[in-house]
Amino acid sequence: MTLTTHAIIGGALGAIAFPHNPGVAFAAGFASHFVMDMIPHWDYHLPSEDKYPDEPLRNDMVFRREHILDYLKIALDGAVGIILPLLLFGPFSLAVLFGAVGGIVPDALQLAYWKIRREPLTSLQRLHIWFHAKKHYKDRPIIGVPMQVGIILLVALVVRFI
């Protein structure tokens with residue numbers, strides 16, 4: 001799932017369930033990341049990723065000048081992911097902000113694992129892989145993108161009417 005989708009869901013949890021407790025909102029956003037990753041979904045392609053389907057603990061991200069568009073894509077996705085929940089659910093809510101950040105952090109820790117490969121990151125990466133849907137729509141954005149937009153709209157509607 002994109003960072004934006006994870007952040008909106010985390011921000012929504014902060015707005016609905018934990019509006020007065022940013023720390024719990026962060027934890028809920030963090031946990032929601034793994035739950036949402038269980039849903040078959042689409043991720044945008046990143047040429048800088050080295051994927052090993054049979055050995056996912058070997059996956060990595062290569063940092064080279066020719067991959068600058070990958071880093072910009074991730075940065076834009078993360079920025080939109082932080083801004084949208086604040087606009088949708090409460091621009092001055094720490095719980096929304098912390099929930100959104102919590103929704104993104106597991107993917108940031110995945111990058112940290114790829115570069116450090118030490119505990120507790122190794123165990124967290126195993127958990128991330130275990131939760132991640134085995135089916136994906138990587139090569140079918142026609143299906144995957146509308147699914148994520150649908151999830152975002154569903155979450156936004158639920159938050160608006162609760």
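- Using a 4.5 Å heavy-atom threshold, the side chains of Leu124 and Leu127 count as touching.
- With contacts defined as side-chain heavy-atom distances shorter than 4.5 Å, the pair Lys115/Asp60 qualifies.
- Across all their heavy atoms, Ala25 and Gly14 have their closest contact at CB-CA, 3.7 Å.
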- Message: Would Ile39 and Met1 count as a side-chain contact (heavy atoms from CB on, under 4.5 Å) here? Give the steps.
- Response: CA-CA 9 Å; Ile39 299 169; Met1 247 174 227; 4.1 Å; yes
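- Interatomic distance, CD of Gln125 versus OH of Tyr113, reported as 6.0 Å (0.5 Å rounding).
- Atom OG in Ser123 sits 13.5 Å away from atom CZ in Arg118 (nearest 0.5 Å).
- Sequence neighbours left out, the pairs with a member in residues 5-18 that pass side-chain hydrogen bond (donor to acceptor under 3.5 Å, both in side chains) are Thr2-Thr5, Thr5-Gln148, His6-His33, His6-Asp37.
- Listed by chain and residue number, nothing satisfies the side-chain contact (heavy atoms from CB on, under 4.5 Å) test with Pro146 (two or more places apart in sequence, or in another chain).
- Using a 4.5 Å cut-off on side-chain heavy atoms (C-beta onward), Ile8 and Phe89 make contact.
- For residues 67-82, no pair satisfies salt bridge (Lys or Arg N to Asp or Glu O under 4.0 Å), with sequence neighbours left out.
- Enclosure of atom CG in Leu157 by more than 12 non-hydrogen atoms of other residues, nucleotides or ligands within 6.0 angstrom is indicated.
- Considering all non-hydrogen atoms of both residues, Leu13 and Gly29 come closest at CD1-N, 4.4 Å.
- Taking Ile, Leu, Val, Met, Phe, Trp and Tyr as members and joining any whose side-chain heavy atoms lie under 4.5 Å apart, directly or through other members, the hydrophobic cluster of Leu87 also contains Ile83.
- Taking 4.5 Å as the limit, every side-chain heavy atom of Ser48 sits out of range of all side-chain heavy atoms of Phe63.
- Legend: residues meeting salt bridge (charged side-chain N to carboxylate O under 4.0 Å, His left out) with Asp50, ordered by chain and number and at least two apart, are absent.
- Smallest separation of non-hydrogen atoms from Ile104 and Gly78: CD1-O, 4.1 Å.
- Relative ring orientation between Tyr71 and His67 is described as perpendicular, the plane-to-plane angle rising above 60° on a 0-90° scale split at 30° and 60°.
- In this structure Leu72 satisfies the side-chain contact (heavy atoms from CB on, under 4.5 Å) test together with Ile68, Leu69, sequence neighbours excluded.
- Taking all atoms of both residues into account, the shortest heavy-atom contact from Pro85 to Gly81 is CD-O, 2.8 Å.
- The number of heavy-atom neighbours closer than 6.0 Å to CZ of Arg126, taken from other residues, nucleotides and ligands shown, is 12 or below.
- A heavy-atom distance below 4.5 Å is not found between the side chains of His128 and Leu109.
- When all heavy atoms of His132 and Lys134 are compared, the pair lying nearest together is O-NZ, 3.0 Å.
- Counting heavy atoms from C-beta outward, Ile74 and Tyr44 have side chains that approach closer than 4.5 Å.
- The shortest side-chain heavy-atom distance between Val101 and Phe26 falls under the 4.5 Å cut-off.
- Residues Leu88 and Val96 form no side-chain contact, since every pair of their non-hydrogen atoms from C-beta on lies 4.5 Å or further apart.
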